Number of protein chains: 2
Amino acid sequence: MADSEKRLEQLVERLREYGCRITPQRLAILRILTSSENHPSAEDIYEQLRVQFPTTSLATVYKMIAMLKEMNEVLELEFRDRSNRYDGNRPYPHTHLICLRCGTIQDPEQSELENLPRQIALRAGYQLVSHRFDIYGICPACQAAE
Amino acid sequence: MADSEKRLEQLVERLREYGCRITPQRLAILRILTSSENHPSAEDIYEQLRVQFPTTSLATVYKMIAMLKEMNEVLELEFRDRSNRYDGNRPYPHTHLICLRCGTIQDPEQSELENLPRQIALRAGYQLVSHRFDIYGICPACQAAE
DNA sequence: ATACATGCAAAACATTTGCATAAGA
DNA sequence: TCTTATGCAAATGTTTTGCATGTAT
């Protein structure tokens, strides 16, 4: 898909500006992140990475993610009871639909949250930094399967 | 405060119905939870509990929390990078304002999310279970202090 | 009396860190 | 060449679990 290739090039450029070396492992991680629509976990990324780099480690994946977080180029969705999940295509806060059965995370068509986070923050005197809006439920496929 | 006492009695009643024993430790944990406006962590609860029960353990706190979660009588706000935080007064999903500097968690006056989670879930064919709406920023006190 | 709760210690588990080796620039 | 990245192993920190002892009912 053209979109994910464009995003890949953009990320490579940003890494270069940032003074990072473009290693084959990093390129592969970026490719996995940008071509992924399903918010992979670090483990997911690692599994895919091992296809090309059988001796790679989870530490490499985590170090790359840490770097991308620092650059605000990946969105981290934290879960204490499972692995964190990552979105390298939309690295800004946005609404997520999360299936509690199969673990799928998708972005709904529209979300109309608009500037609610800003309004609420402002009203309470907070300086807005970020927000998180997750909707948890059972996805259509899991409903059909039960 | 009358509200928190009423909530406490309600919880004790629910525990009894559930077939749980009302131990002094459990009563104290409930008291800490219901009288707390600042979304304590398990550690916070433990520290307060130790005042009355110097030999108590974190395991006791966690086991009690697990029981209350099972009964849907406590809301757990999960954070991977810090401790989870708990709300025993409003055990249903609601909007949170979270200060990234001092860690305070408060509930905004009004939130006008209304039935947005339900609408979005429905539109995507999901069966709604729960949601999470967190707004992260810097609270007024921390802004003044910098 | 007896089933359930407590509290200690050890386990679990994702993520982070230290460090020697490897390899981009 | 020389600095940065990799990948192994060990550490971290919160939450969970096992089990012997204690206790509410």
Side-chain angles (χ1 to χ4, degrees), chain A residues 11-32 39-71 74-86 103 105, chain B residues 11-33 39-71 74-86 103:
Chain A
L11 281 174
V12 170
E13 191 48 42
R14 289 247 20 219
L15 279 173
R16 247 190 262 279
E17 286 169 19
Y18 219 73
C20 298
R21 289 181 184 163
I22 312 297
T23 64
Q25 290 93 330
R26 287 187 169 170
L27 203 57
I29 291 173
L30 291 183
R31 211 182 293 280
I32 291 164
H39 304 72
S41 65
E43 187 74 36
D44 292 336
I45 296 168
Y46 173 60
E47 293 301 340
Q48 287 189 60
L49 188 62
R50 273 213 297 191
V51 175
Q52 279 186 68
F53 302 90
T55 65
T56 197
S57 73
L58 260 171
T60 298
V61 173
Y62 278 113
K63 280 168 187 168
M64 183 60 175
I65 289 170
M67 175 150 281
L68 290 169
K69 279 200 286 182
E70 203 180 299
M71 299 166 61
V74 75
L75 182 74
E76 181 178 57
L77 259 183
E78 293 182 55
F79 297 99
R80 161 135 353 239
D81 55 330
R82 49 191 90 249
S83 301
N84 292 346
R85 306 278 290 268
Y86 299 92
I105 301 182
Chain B
L11 280 175
V12 170
E13 192 47 43
R14 288 243 26 216
L15 278 173
R16 247 189 262 281
E17 286 169 18
Y18 219 73
C20 297
R21 289 180 185 164
I22 312 298
T23 64
Q25 291 92 330
R26 285 187 171 169
L27 203 57
I29 292 173
L30 291 183
R31 211 182 293 279
I32 291 163
L33 268 175
H39 304 75
S41 65
E43 186 75 36
D44 292 337
I45 296 168
Y46 173 60
E47 293 300 340
Q48 287 188 61
L49 187 62
R50 272 212 299 191
V51 176
Q52 279 186 69
F53 301 91
T55 64
T56 197
S57 73
L58 260 171
T60 299
V61 174
Y62 277 115
K63 279 166 186 168
M64 182 60 175
I65 289 171
M67 175 149 284
L68 290 170
K69 279 199 286 181
E70 202 180 300
M71 298 166 61
V74 75
L75 181 74
E76 181 178 58
L77 260 183
E78 294 182 54
F79 297 98
R80 164 138 345 246
D81 56 331
R82 48 191 89 249
S83 300
N84 292 347
R85 306 278 289 267
Y86 299 93

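Proteins get letters first, then strands, A, B, ... in listed order; numbering begins at 1 in each. Basis for what follows: all heavy atoms, side chains included, without hydrogens, waters or symmetry-related copies. Just so it is clear, the structure is predicted and the values come from calculations on it, not from any experiment.
Looking only at side-chain heavy atoms (C-beta outward), Met71(A) and Leu15(A) come within less than 4.5 Å of each other. Leu33(B) is listed as a side-chain neighbour of Leu68(B), based on a closest heavy-atom distance under 4.5 Å. The closest side-chain heavy-atom distance from Arg26(A) to Met67(A) is below 4.5 Å.
A straight line from CD of Glu70(B) to P of dT16(D) spans 12 Å, rounded to a whole angstrom. Between the CD1 atom of Ile22(B) and the P atom of dC4(C) there is a distance of 15 Å, given to the nearest Å. Rounded to a whole Å, the CD atom of Glu78(A) is 16 Å from the C1' atom of dC13(C). If you measure from atom CZ of Arg80(B) to atom P of dT12(D), you get 18 Å, rounded to the nearest angstrom. When the C1' atom of dG7(C) is taken as reference, atom CE of Met64(B) falls 16 Å away, rounded to whole Å. As rounded to whole Å, 16 Å separates atom P of dA5(D) from atom CG of Leu49(A). Going from atom CZ of Arg26(B) over to atom P of dG7(C) covers 11 Å, rounded to whole Å. For the pair Phe53(B) CZ and dT23(D) P, the interatomic distance rounds to 11 Å; values are reported in whole Å.
Considering only side-chain atoms of Lys69(A), the nucleotide from dC19(C), dT16(C), dC19(D) that sits closest is dT16(C). Relative to the side chain of Ser57(B), the nucleotides dC8(D), dG7(C), dA5(D) differ in distance, and dG7(C) lies closest. Comparing atom distances between the Ala59(B) side chain and each of dT6(D), dG7(D), dG7(C) picks out dG7(C) as nearest.
Residue-level contact check: Gln25(B) touches the backbone only, with heavy atoms under 4.0 Å from sugar-phosphate atoms and none from bases. Asn84(B) comes within 4.0 angstrom of the backbone, heavy atoms only, and of no base. Nucleic acid contact class of Thr60(A) (heavy atoms, under 4.0 Å, all strands): base. Among the atoms of the strands shown, none is found under 4.0 Å from any heavy atom of Pro54(A).
The main-chain N or O of Phe79(A) is never found under 3.5 Å from a side-chain atom of Arg85(A) such that the two would form a donor-acceptor pair.
Each of Ile45(B), Asp44(B), Thr56(B) was scored for a side chain to side chain contact (heavy atoms under 4.5 Å, CB included) with Val61(B), with one residue passing: Ile45(B).
Taking only distance into account, the side chain of Arg21(A) meets the base of dT4(D) through a donor-acceptor pair shorter than 3.5 Å.
Note on Thr23(B): a side-chain N or O is less than 4.0 Å away from OP1 or OP2 of dT6(C).
Between Arg16(B) and Phe79(B), the residue anchored nearer the 5' end of DNA chain D, judged by the nucleotide with its closest heavy atom, is Phe79(B). Projected onto DNA chain D by closest heavy-atom contact, Tyr86(B) and Cys20(B) fall at different nucleotides, the more 5' of which corresponds to Tyr86(B). Take the nearest nucleotide of DNA chain C for Asp81(A) and for Thr56(B): the residue whose nucleotide is more 5' is Thr56(B).
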